[in-house]
Amino acid sequence: MMKTKIKPTLESVAVHAGEGKKDQYGSHATPIYQTSTYVFDDVEAGAKAFRHEEGGASHVYSRLGNPTVEALERAVCELETYSLDNPEDYAGMAFGSGMAAITTGIIALAKGGHIVAQDALYGCTSQFLKEEVPVMGMSCSFADMSDLFQVEMELKKHPETKLIYLESIANPTMTVADIKALSQLAEEYGAKLMVDNTFATPYHIRPFELGADVVVHSTTKYIGGHGSVIGGVMVAKKEVYEESEAALFRKNLGGIAGPMDAWLTLNGVKTLPLRMKKHAENGMKVARFLEDHPKVDHVFYPGLESHPQHALASSIMKDGYGGMIAFELVGGYEAGVSLMNNVKLCTLAVSLGAVDTLIQHPASMTHSIVDEDLKKQAGITDGLVRISVGIEGAEDIIADLEQALEIQN
Ligand SMILES: *Cc1c(COP(=O)(O)O)cnc(C)c1O
């Protein structure tokens, strides 16, 4: 009988992703190669390694590469390129933080040129583009990525644009980007498209399928998944790395991940699809509960029909809409503080993508020292609350929010 090759599910790929050859002991789990340097068999092996020739030592020094880190790089790459015909053309690169992946990627890809970036981005990315990029011999302008006309105007104004930068789902209104249309614009104007896929993860959105050139992640969030490690990953075609010399930039800027952190993150990868399924199921239930609550003015969640990009989200997001929700309280600042002080199950903390539900009120917490204009620019209003819905029982999360919204002090 002919055996037809069946494509494994994303769940199966995630469980086995990144596995290489077994080590000399047949270790089942990927070992943590906690070493800074590697011993050469002889001068020849060392010399060949430095000349990148066949038959040389495979590793030289852990700022350049480490077997545990490489397992993570393969794993995230496998998920982001799932369903592509040519996954072997792509590779991953792991970093010590999401910001290291983002900044190294931007510097390598946009060096000496212009960047057109999304107007509302993760705070540190935005600060890097506004304050540091201009002193590094690059320039940056901003556009509303849901307005293709505006993006094209920026590209026309800046013919030296090398990079378009955006987030597949962006704070605070959970804006979903039309990656396909933007990648066509990028190609037309000779720029590369780089997508921060942290909120969506490859479970919901795989930007390469839609034409993106580079994907970056803060693996601190969903990919690590347990709130136990800071990390980042970049995935791109090998030719993009060669052209941009990204490996050289990582080596000299020095942002590679450590082996222990890579190992923790790799454990997260194995359950990513399983967790995202639950995050998305819970996200939908919590969003619906909030939408019906009289003390809630508005809910921003791409899964709700009221979201301005619900149709786009439905066409590009697979198997749900993720676990990130923002909502506006009728009672403004005081109501936000009261909610924060009265939740019991939900964890009062910044960050996102952990197994537990994290809740925060930007106006009184992360953005309390940010001036009014900047807050307004970032869409942070007094009653805005952000929730990263965890994988607890949905009924427990809802009951906690219900009792906390009931109290007003
Ligand atoms: C957290 C985050 C980052 C930064 O990642 P770190 O791991 O904290 O350096 C970048 N982009 C998004 C969307 C994030 O949520």
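Treat the numbers as computed from the prediction; the structure is a model and nothing was measured. Counting starts at 1 for both ligands and their atoms, following the listed order. Note that these values count all heavy atoms, side chains included, but never hydrogens, waters or copies made by symmetry.
Within 6.0 Å of atom CD in Glu406, 12 or fewer heavy atoms from other residues, nucleotides or ligands are found, so the atom counts as exposed in its surroundings.
Note on Lys295 versus Glu334: no salt bridge recorded, every NZ/NE/NH1/NH2 to OD/OE distance being 4.0 Å or above.
Listed by first and then second residue, the salt bridge (charged side-chain N to carboxylate O under 4.0 Å, His left out) pairs involving residues 178-205 are Lys192-Glu243 (not counting sequence neighbours).
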Donor-acceptor contacts, no H, no angles, side chain residues 319-328, under 3.5 Å, sequence neighbours left out:
{"unit_1": "Tyr321", "atom_1": "OH", "unit_2": "Ser314", "atom_2": "OG", "d": "2.9"}
{"unit_1": "Glu328", "atom_1": "OE1", "unit_2": "Thr381", "atom_2": "OG1", "d": "2.7"}
{"unit_1": "Glu328", "atom_1": "OE2", "unit_2": "Thr381", "atom_2": "OG1", "d": "2.9"}

Are there any N/O pairs under 3.5 Å between ligand 1 and the protein, and if so, what are their distances?
{"unit_1": "ligand 1", "atom_1": "5 (O)", "unit_2": "Ser218", "atom_2": "OG", "d": "3.0"}
{"unit_1": "ligand 1", "atom_1": "7 (O)", "unit_2": "Gly98", "atom_2": "N", "d": "2.9"}
{"unit_1": "ligand 1", "atom_1": "7 (O)", "unit_2": "Ser218", "atom_2": "OG", "d": "2.8"}
{"unit_1": "ligand 1", "atom_1": "7 (O)", "unit_2": "Thr220", "atom_2": "OG1", "d": "2.6"}
{"unit_1": "ligand 1", "atom_1": "9 (O)", "unit_2": "Gly98", "atom_2": "N", "d": "3.0"}
{"unit_1": "ligand 1", "atom_1": "9 (O)", "unit_2": "Met99", "atom_2": "N", "d": "2.9"}
{"unit_1": "ligand 1", "atom_1": "11 (N)", "unit_2": "Asp196", "atom_2": "OD2", "d": "2.7"}
{"unit_1": "ligand 1", "atom_1": "15 (O)", "unit_2": "Lys221", "atom_2": "NZ", "d": "2.7"}

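Taking the ring centre of Tyr82 as origin, the terminal cationic atom of Lys7 falls inside the region bounded by 6.0 Å and 45° from the ring axis.
In this structure Phe142 satisfies the ring pair (Phe, Tyr, Trp, His ring centres under 6.0 Å) test with no other residue, sequence neighbours excluded.
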